[in-house]
Chemist: 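Before we start, here is the structure in question, set down as structure tokens.
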Amino acid sequence: MHSPRDFYRPLAVGAPDPVREIPFRPSRMIHFFDPSNPKMVAKAPQIAAGVDILLGNLEDAVKSENKEAARAGLVQVAKENDFGETQLWTRVNSLDSPWGLDDLTTLVTEIGDKLDVIMVPKVEGPEDIHYVDRLLAQLEAKAGLQRPILVHAILETARGMTNVEDICTASPRMQGLSLGPADLAANRRMKTTRVGGGHPGYLVRQDPTDGAIDGPRSVYQQDLWHYTIGRMVDACAAAGILPFYGPFGDIKDVVACEDQFRNAFLLGCVGAWSLHPVQIEIAKRVFSPDPADVLHAQAVIEAMGDGSGALMIDGKMEDDASVKQCQVMVSLAHQLAERDPELSQRYGFTA
Ligand SMILES: CC(=O)SCCNC(=O)CCNC(=O)[C@H](O)C(C)(C)COP(=O)(O)OP(=O)(O)OC[C@H]1O[C@@H](n2cnc3c(N)ncnc32)[C@H](O)[C@@H]1OP(=O)(O)O
Ligand SMILES: CC(=O)C(=O)O
Ligand SMILES: [Mg+2]
């Protein structure tokens, strides 16, 4: 166990100083592509221009025989392109796989100056983050990097869930968490076969009217992920890092994808994964506050003056707590608008 004094010390001689605050950058979608797929590699610059985060995926969804090609493809993409304000991330193979060590070693030494965040899958506890933390410091020192690479963990095992708070605070590198609903479902032995989203069997049924159990009764589908997302958001907010919903595998069902993303947005997530180009616009729409909400929030902030006391606007009580929610909404709108002129116009920030 480190003393609190050591928490912000570099873990290797010559490694850059850890960050004290996780920088908030627009992060509405983490767009996944397979760097072993030449078609996706060719499209990477064009896709990068329209997303907040581009992620070269080396783990699940990349065939075992393509693991080396994917790693080399990502090195090539990073070396040949300047993605400007768009963040470049990678998801490396898991720490118990034969590829994880080579992924970290190659990527940090070859393209460490281009990588913002490394996503580590199947994180089970703080010990996994400590391992990556020290290794990254050694590799950063070797590569002569000037800024530290941040770490994002995927929650996809029951043990990871039970250790979620300790994972979030395991290192100053911790940037955020994503929910991994597919592996988590398998690990929990949930009886589902989907990648995220709901299930028609997980429901609540209206009580029988007049005892007629076979009479018409409304059925309400419930959200399988409510508890998990809520717990993840609390752990992240408490640690000052960012929570993301993960993947939605039913690419064709754009309506349910939007619902799942919106639930995550309302509960506090900053973004979600896009697995296919069609999901990019959905994430952009959902994770950018609605202009009407921003307008309302601005009106409340203005009416509340120094932010204390209580008053009525359109029949609703506003006070110190509601004005804080409005400030969350407006400050997010400004952060996103800085990078998105069209959004800035829709919010009325620019003429
Ligand atoms: C549980 C988890 O771990 S989730 C995370 C891991 N999974 C992933 O990363 C999956 C990423 N996505 C993909 O691999 C693909 O989208 C697939 C396999 C799901 C579907 O791919 P396709 O069958 O090619 O879909 P589709 O035919 O609709 O693609 C249309 C075009 O978009 C391209 N495309 C599809 N997905 C992507 C992507 N993620 N990024 C960039 N381009 C893409 C295709 O290459 C195709 O290009 P073309 O018109 O030039 O031929
Ligand atoms: C996101 C992910 O890796 C999963 O759902 O398993
Ligand atoms: Mg997974």
Side-chain angles (χ1 to χ4, degrees), residues 29-64 66-67 69-71 73-74 77 81 83 86 88-97 99-100 103 117-124 128 152-161 164 167 176-190 192-199 224-225 228-229 232 243-254 257 260-261 264 269 271-284:
M29 73 299 290
I30 307 171
H31 183 76
F32 271 57
F33 81 102
D34 174 355
S36 74
N37 179 328
K39 255 187 176 177
M40 290 196 197
V41 167
K43 276 193 199 155
Q46 176 203 330
I47 295 265
V51 300
D52 294 335
I53 299 164
L54 180 71
L55 180 145
N57 175 37
L58 309 184
E59 201 226 6
D60 292 357
V62 175
K63 278 182 151 310
S64 304
N66 292 341
K67 294 292 187 187
R71 193 188 299 139
L74 179 57
V77 166
N81 295 283
F83 295 124
T86 300
L88 182 65
W89 292 22
T90 184
R91 175 170 79 167
V92 294
N93 285 286
S94 59
L95 301 179
D96 62 356
S97 76
W99 306 288
D103 290 344
V117 176
I118 293 180
M119 183 182 273
V120 183
K122 301 176 178 72
V123 170
E124 301 255 39
D128 290 337
H152 183 102
I154 315 180
L155 282 180
E156 43 189 354
T157 68
R159 200 151 84 73
M161 280 308 303
V164 64
I167 291 170
L177 297 180
S178 284
L179 169 65
D183 271 303
L184 183 55
N187 187 262
R188 280 177 172 165
R189 305 184 66 77
M190 288 166 68
T192 54
T193 56
R194 302 171 174 202
V195 176
H199 192 288
L224 278 173
W225 301 107
T228 311
I229 295 177
M232 176 179 75
F244 292 71
Y245 177 73
F248 189 86
D250 193 344
I251 308 288
K252 291 273 178 286
D253 193 348
V254 290
C257 176
Q260 178 75 74
F261 284 7
C269 291
W273 299 9
S274 56
L275 301 183
H276 186 281
V278 78
Q279 294 183 337
I280 295 172
E281 282 311 312
I282 302 174
K284 196 176 276 185

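Numbering of ligands and ligand atoms starts at 1, following listing order. Position 1 is the first residue of the sequence, and the numbers go up from there.
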Chemist: Can you pull out the closest protein heavy atom to atom 37 (C) of ligand 1? Residue, atom name and distance to 0.1 Å, please.
Modeler: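 Answer for atom 37 (C) of ligand 1: Pro277 CD, 3.4 Å.
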Chemist: Return yes if a side-chain donor-acceptor contact under 3.5 Å exists between Asp103 and Asn93, otherwise no.
Modeler: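 Per modelled atom types, Asp103 and Asn93 side chains form a pair under 3.5 Å.
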Chemist: Check ligand 2 against Glu156 and write out every atom of the ligand that is under 4.0 Å from a heavy-atom position of the residue.
Modeler: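 Answer for ligand 2: 2 (C), 3 (O), 4 (C), 6 (O).
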Chemist: Right, does atom 28 (O) of ligand 1 have protein non-hydrogen atoms nearer than 4.0 Å?
Modeler: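 Yes, because at least one protein heavy atom sits under 4.0 Å from atom 28 (O) of ligand 1.
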Chemist: Does the distance from a Lys or Arg side-chain N to an Asp or Glu carboxylate O, for Arg194 and Asp250, drop under 4.0 Å?
Modeler: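 No, no charged N to carboxylate O under 4.0 Å.
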Chemist: Just to confirm, does any protein heavy atom lie below 4.0 Å from atom 46 (C) of ligand 1?
Modeler: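 Yes, there is a protein heavy atom closer to it than 4.0 Å.
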Chemist: If you measure from the Lys or Arg side-chain nitrogens to the Asp or Glu carboxylate oxygens, is any gap between Asp60 and Lys122 under 4.0 Å?
Modeler: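 Yes, Asp60 and Lys122 are salt-bridged.
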Chemist: Please list, in number order, the atoms of ligand 1 under 4.0 Å from a heavy atom of Pro247.
Modeler: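 Per the distance check, 4 (S).
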Chemist: Do Ser274 and Phe248 have side-chain heavy atoms sitting under 4.5 Å apart?
Modeler: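 Answer no - side chains too far apart.
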Chemist: If you measure from atom 1 (C) of ligand 2 to every heavy atom of Trp273, Phe244, Tyr245, which option wins on shortest distance?
Modeler: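 Heavy atom nearest to atom 1 (C) of ligand 2 belongs to Trp273.
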Chemist: Provide the closest heavy-atom pair for Tyr245 versus Ala264 in the form atom of the first, atom of the second, distance.
Modeler: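 For Tyr245 versus Ala264, the nearest heavy atoms are CB-CB, 3.6 Å.
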Chemist: Are any non-hydrogen side-chain atoms of Ile251 and Leu275 less than 4.5 angstrom apart?
Modeler: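 They are in side-chain contact.
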Chemist: Report, in ascending order of atom number, the atoms of ligand 2 lying under 4.0 Å from any heavy atom of Ala182.
Modeler: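 Taking each heavy atom of Ala182 in turn, ligand 2 has 4 (C), 5 (O), 6 (O) under 4.0 Å.
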Chemist: What part of Asn57 sits under 4.0 Å from ligand 1 if we count only heavy atoms: the side chain, the backbone, both or neither?
Modeler: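 It is the side chain that touches ligand 1; the backbone stays farther off.
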Chemist: What I want to check is whether the side chains of Thr192 and His199 have a donor and an acceptor closer together than 3.5 Å.
Modeler: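 Side chains of Thr192 and His199: no pair found under 3.5 Å.
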Chemist: Any chance the side chains of Ser178 and Arg91 put a donor and an acceptor closer than 3.5 Å?
Modeler: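 No, because no side-chain N or O of Ser178 sits under 3.5 Å from a partner of the opposite role on Arg91.
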Chemist: Which is closest to atom 14 (O) of ligand 1 in terms of heavy atoms, Met40, Glu59, Lys39?
Modeler: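 Answer by nearest heavy atom: Met40.
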Chemist: Measure across Trp225 and Arg188 and return the closest heavy-atom pair with its distance rounded to 0.1 Å.
Modeler: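 Trp225 and Arg188 have their closest heavy atoms at CZ3-NH1, 3.8 Å.
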Chemist: For the residue pair Leu224 and Gly198, what are the closest heavy atoms and their distance?
Modeler: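 Taking every non-hydrogen atom into account, CD1-C, 4.1 Å.
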Chemist: Quick one: does Lys43 get an N or O within less than 3.5 Å of an N or O on ligand 1?
Modeler: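 Indeed, backbone or side chain, Lys43 has an N or O that close.
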Chemist: Considering heavy atoms of the protein only, find what lies nearest to atom 30 (C) of ligand 1 and give residue, atom and distance to 0.1 Å.
Modeler: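 Scanning the protein heavy atoms, the shortest distance from atom 30 (C) of ligand 1 goes to His276 NE2, 3.9 Å.
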Chemist: Check contact between Arg91 and ligand 2, using heavy atoms of the residue and a distance below 4.0 angstrom.
Modeler: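 For ligand 2, residue contact (heavy atoms, under 4.0 Å) with Arg91 is present.
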Chemist: State, to 0.1 Å, how close Val41 and Pro35 come at their nearest heavy-atom pair, and which atoms those are.
Modeler: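 Distance-wise, the nearest heavy atoms are CG2-O, 3.3 Å.
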Chemist: Which of the numbered atoms in ligand 1 are under 4.0 angstrom from any heavy atom belonging to Asp60?
Modeler: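 Close to Asp60: 6 (C).
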Chemist: Determine whether a donor-acceptor pair (N or O, by modelled atom type, separation under 3.5 Å) exists between the side chain of Asp128 and the backbone of Glu124.
Modeler: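 Yes: the side chain of Asp128 pairs with the backbone of Glu124.
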Chemist: For ligand 2, which atoms have a heavy atom of Asp183 less than 4.0 angstrom away?
Modeler: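 Answer for ligand 2: 4 (C), 5 (O), 6 (O).
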Chemist: Anything protein N/O/S under 2.8 Å from the Mg ion (ligand 3)? Just list residue and atom, please.
Modeler: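 Result, waters dropped: Glu156 OE1, Asp183 OD2.
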Chemist: Tell me, please: is Pro181 in heavy-atom contact with ligand 2, that is, under 4.0 Å?
Modeler: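 Contact present.
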Chemist: For ligand 1 and Phe32, I'd like to know whether there is a polar contact (N/O to N/O, distance under 3.5 Å).
Modeler: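 Phe32 vs ligand 1: N/O contact under 3.5 Å present.
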Chemist: Starting from atom 7 (N) of ligand 1, locate the nearest protein heavy atom and write down its residue, its atom name and how far away it is, to 0.1 Å.
Modeler: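 Protein heavy atom at minimum distance: Ala61 CB, 3.3 Å.
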Chemist: Going through the distances and angles, do Lys67 and Glu59 end up as a salt bridge (charged side-chain N to carboxylate O under 4.0 Å, His left out)?
Modeler: CA-CA 8 Å; Lys67 294 292 187 187; Glu59 201 226 6; over 6 Å; no
Chemist: Identify the two heavy atoms, one from Phe261 and one from Gly246, that lie closest to each other, and give their separation to 0.1 Å.
Modeler: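 Heavy-atom minimum between the residues: CE1-O, 4.4 Å.
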Chemist: Within a distance of under 4.0 Å, is there any protein heavy atom near atom 19 (C) of ligand 1?
Modeler: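 So far as the 4.0 Å threshold goes, atom 19 (C) of ligand 1 is out of reach of every protein heavy atom.
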Chemist: Looking only at protein heavy atoms, identify the closest one to atom 40 (N) of ligand 1 and say how far it is in Å.
Modeler: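 Looking only at protein heavy atoms, the one closest to atom 40 (N) of ligand 1 is His31 NE2, 2.9 Å.
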Chemist: Touching ligand 1 at all, Leu275? Heavy atoms, strictly under 4.0 Å?
Modeler: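 So Leu275 counts as touching ligand 1.
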Chemist: Do Val278 and Val254 have side chains that approach each other closer than 4.5 Å (heavy atoms only, starting at C-beta)?
Modeler: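 Counting from C-beta outward, Val278 and Val254 do come under 4.5 Å.
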Chemist: Taking the six-membered ring where the residue is Trp, are the ring centres of His152 and Phe244 under 6.0 Å apart?
Modeler: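 Between His152 and Phe244, the centre distance is under 6.0 Å.
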Chemist: Strictly distance-based, threshold 3.5 Å: is any side-chain N or O of Asn81 a donor or acceptor partner for the main-chain N or O of Phe83?
Modeler: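 Side chain of Asn81 to backbone of Phe83: no pair is present.
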Chemist: So is Pro247 touching ligand 2 or not, going by heavy atoms under 4.0 Å?
Modeler: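 The answer is yes, since Pro247 has a heavy atom less than 4.0 Å from ligand 2.
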Chemist: Report yes or no: does Arg91 have a heavy atom closer than 4.0 Å to ligand 1?
Modeler: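 It does, in that a heavy atom of Arg91 comes within the 4.0 Å cut-off of ligand 1.
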Chemist: Hey, is atom 23 (O) of ligand 1 under 4.0 Å from any protein heavy atom?
Modeler: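 When distances to the protein are checked, atom 23 (O) of ligand 1 has no heavy atom within 4.0 Å.
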